[in-house]
Amino acid sequence: MSFDLLVKNANLPDGRHGIDIACRNGRIEAVEAGITADAGQVIDAGEHLVSPPFVDSHFHMDATLSLGLPRMNRSGTLLEGIALWGELKEILTVDAVVERALRYCDLAVSQGLLAIRTHVDVCDDRLTGVKGLLEVREKVKDYIDLQLVAFPQDGLYRSATAEKNLLTALDMGVDIVGGIPHFERTMDDGARSVARLCEIAAERGLMVDMHCDETDDPMSRHIETLAYQTQRLGLQGRVAGSHLTSMHSMDNYYVSKLLPLIAEAEVHAIANPLINITLQGRHDTYPKRRGQTRVPEMRSYGINVAFGHDCVMDPWYSMGSGDMLEVASMGLHVAQMTSRDAIRYCYDCVTAHPAKAMNLDGYGLDKGCKADFVLLQARDTIEAIRLKATRLAVVKSGKVIATTPARQAQLTLPGRPAQVDPASYAPHEG
C-alpha cells in the first residue's frame, strides 16, 4: 500500500509518542506506530508535536490589517475604535476588504490556522464587507474553512436598516446569525433582539453566534436570554455566546444559577483573551478587573469553551499576529489556569473546542479525519504554548502548504554549545 504523505515519529496531543500518520486522498488512513509503507512524501517529525490545525472561532476579517486607516487609534480604547470603524466604513471598498483579508489568510496559513469564523458588519447599507468576504471565502476554500457571521454591529434595533441588511446578507450566502444585544438602547431592546435573531436562525436552519455582554456591567445578562431562547427554539448545540465579559463582574450567587442554564442549553462560550483583557476594566482604578469571562467555572460545568483572536491590527486592537498560541497563553494567564491539565485544556480552546463550536466536519487526528494538521517545534501541547512554537510544517488535505525553518540560535561562547534549540528545554516529568 502506498500513501500520499507519511509523517513518522510524531508526538500527539493526547500524549502518545512515536506515532506515524499516513494520508491518502486528503484523508488520514492510519495513525499508529511503525508504518512501513511507501509514500510520495515522508516527513520525520523527530518526536515533535503534530496537532490538528488551529481554529479561530471569533474574528473580524472585514477590519483586519486596517490599523491607521483613516487614522490611528491614539487612545487604544474601545470607544475610539468604534468611532474609527464608523469613519472607515464610509470609505471602505470591496477590493480593499478582499486585499486585506487575503493577506491575513496568508498569515493564518503560515501559523497553522486553517479554520476561522469571522463576523462581518451588516450595518453598512452597501454591504461592502459582506461582498468582500463572500469573495474571499470562495478564494480560500481549498485551504481555509471560513465561516461568515451576519453581524449587526450598530445594533439590530438601534440601526434602522440592520434587520433588512442582515436578512439580505443571509440570502447572499452568509452562514450564521450574529447579534450584539448589549449595544441596543435598552435592556428590553437587547432581549428582543436576542429573541428575533434566534427566531431567524431557527426559521433558516442556521447557527447563532452573538457578541453577548461585552461589558463591565454586572447587570448585562443577555446570555441568560440567549440560553432561554436556545432551548425554546430547539437550537441546542448551534448557538455560541461570544465575549461574556460581564460575567467577571456578576454576583457569584447569580453566576451559580446562570452556568447550569448555559450548560443545559448546550451554548458554546467563546472568550477572546487578548481583547478582553485589553478593553475591559477601563473605568477601574485599582483593583482592576481582569475582563475575561469565567473559564475555569464554565469548564467545571462541562460548557464548551473556545478562545478567539477577535482582532489583528485593526481599529480596536493594534497588536496580534494570527498566532492562536498567543491567544491560548493569554487565556491561561488571565484565568490562572496553570495546572498541567488546565494548560492542556487551554490548548484545546484553540483547537478541538472551537472546532466543535463551528461544527467542523472531519476535524482531528483519527483515522478517517481530514488530513489537516500542523507540525510544531515542541514536544507537547504545554510546550507549544510556552514557546509559541514554530510551525515547522502545515498540512492541508495531505499536502504541505507552508513550512518554517526551525528556530535555532547560534552561540559563540567558550565551553558552551554551538546551538540552542528552545524545544530542548522541555521538562522531564516524573
Side-chain angles (χ1 to χ4, degrees), residues 1-14 16-56 102-116 136-146 321-325 347 350-352 355 360-381 383-384 387-408 421-423:
M1 182 178 295
S2 179
F3 297 107
D4 300 324
L5 174 67
L6 179 60
V7 179
K8 301 284 291 182
N9 198 23
N11 294 348
L12 303 187
D14 62 11
R16 284 180 287 167
H17 297 269
I19 300 298
D20 302 340
I21 304 170
C23 310
R24 185 171 49 216
N25 297 327
R27 293 277 173 173
I28 295 174
E29 289 277 331
V31 183
E32 58 193 62
I35 298 175
T36 57
D38 293 332
Q41 183 176 8
V42 178
I43 297 175
D44 182 4
E47 296 188 335
H48 287 120
L49 175 68
V50 171
S51 166
F54 295 106
V55 179
D56 185 358
L102 287 175
R103 284 194 69 214
Y104 183 76
C105 288
D106 296 340
L107 181 63
V109 167
S110 75
Q111 298 280 26
L113 173 53
L114 301 185
I116 302 171
V136 170
R137 186 179 68 184
E138 180 65 21
K139 287 179 180 293
V140 304
K141 65 182 181 181
D142 291 336
Y143 54 92
I144 291 180
D145 291 317
L146 185 61
S321 61
D323 186 353
M324 295 307 293
L325 290 175
Y347 190 90
V350 295
T351 51
L360 296 181
D361 176 55
Y363 181 89
L365 290 178
D366 296 322
K367 180 179 179 180
C369 289
K370 292 179 179 178
D372 303 345
F373 46 82
V374 186
L375 172 61
L376 295 141
Q377 190 183 354
R379 189 181 71 184
D380 55 34
T381 57
E383 285 294 288
L387 295 168
K388 317 294 187 303
T390 298
R391 283 67 164 173
L392 300 173
V394 180
V395 174
K396 176 67 180 178
S397 299
K399 298 179 181 179
V400 177
I401 61 170
T403 59
T404 305
R407 179 184 166 196
Q408 196 165 66
D421 176 359

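Source: prediction; values computed, not measured.
Under the 3.5 Å distance criterion, the side-chain polar atoms of Asp56 are left unmatched by any main-chain donor or acceptor of Ile116. Between the side chain of Asp380 and the main chain of Glu383, a donor-acceptor pair closer than 3.5 Å is present. For the pair Asp38 (side chain) and Ser2 (backbone), a donor-acceptor distance under 3.5 Å is absent.
Interatomic distance, Ile144 CD1 to Ile401 CD1, rounded to the nearest 0.5 Å: 7.5 Å. Here the CG-OG distance, from Asp372 to Ser397, works out to 5.0 Å after rounding to the nearest 0.5 Å. Here the CD1-CD distance, from Ile21 to Glu32, works out to 11.5 Å after rounding to the nearest 0.5 Å. With rounding to the nearest 0.5 Å, the separation of CG in Leu113 from OG1 in Thr351 is 11.5 Å. Within the model, atoms NE2 of His48 and OG1 of Thr390 stand 9.5 Å from one another, a figure rounded to the nearest 0.5 Å. Between the CG atom of Leu102 and the CG atom of Leu107 there is a distance of 12.5 Å, given to the nearest 0.5 Å.
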Practice item. Starting from the C-alpha separation in whole Å, work towards a yes-or-no answer on side-chain contact (heavy atoms from CB on, under 4.5 Å) for Leu360 and Val55. Key: CA-CA 10 Å; Leu360 296 181; Val55 179; 4.1 Å; yes

Practice item. Start with the C-alpha gap between Leu365 and Ile28, add the side-chain angles, then the distance that decides, and say whether side-chain contact (heavy atoms from CB on, under 4.5 Å) holds. Key: CA-CA 7 Å; Leu365 290 178; Ile28 295 174; 4.2 Å; yes

Practice item. Walk me through it: do Thr403 and Leu392 pass the test side-chain contact (heavy atoms from CB on, under 4.5 Å)? Key: CA-CA 5 Å; Thr403 59; Leu392 300 173; over 6 Å; no

Review point. Going through the checks in order, is the side-chain contact (heavy atoms from CB on, under 4.5 Å) test met by Tyr363 and Lys370?
Key: CA-CA 6 Å; Tyr363 181 89; Lys370 292 179 179 178; over 6 Å; no

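Within the 4.5 Å cutoff, side-chain heavy atoms of Gln111 are placed close to those of Ser321. For the pair Arg379 and Asn11, the minimum side-chain heavy-atom distance is below 4.5 Å. Between Leu49 and Thr381, the closest side-chain pair of non-hydrogen atoms falls below 4.5 Å.
In this structure, Arg407 places its CZ atom where only 12 or fewer heavy-atom neighbours from other residues, nucleotides or ligands lie under 6.0 Å away. In this structure, Lys139 places its NZ atom where only 12 or fewer heavy-atom neighbours from other residues, nucleotides or ligands lie under 6.0 Å away.
In this structure, Gln377 and Ala389 approach most closely via the heavy-atom pair O-CB, 3.7 Å. Contact record, Val136 with Cys105: CG1-SG, 4.3 Å, taken as the closest heavy-atom pair. Among all heavy-atom pairs drawn from Leu387 and Ala378, the shortest one is CD1-CB, 4.4 Å. Pairing each heavy atom of Val394 with each of Ser110, the nearest pair is CG2-O, 4.3 Å. Closest of all the heavy-atom pairs between Met324 and Val350 is O-CG1, 3.5 Å. Across all their heavy atoms, Leu375 and Val50 have their closest contact at CD1-CG2, 3.8 Å.
Residues Asp323 and Arg391 are paired through a salt bridge, judged by an N-O separation under 4.0 Å between the basic side chain and the carboxylate. Between Arg16 and Asp14 there is a salt bridge, since at least one side-chain N of the basic residue sits less than 4.0 Å from a carboxylate O of the acidic one. A salt bridge does not link Asp4 with Arg24: every distance from a Lys NZ or Arg NE/NH1/NH2 to an Asp or Glu carboxylate oxygen is 4.0 Å or more. The pair Asp44-Lys8 does not meet the salt-bridge criterion, since no charged nitrogen lies less than 4.0 angstrom from a carboxylate oxygen.
For the 3.5 Å distance criterion, the side chains of Tyr347 and Ser51 qualify, holding a donor opposite an acceptor.
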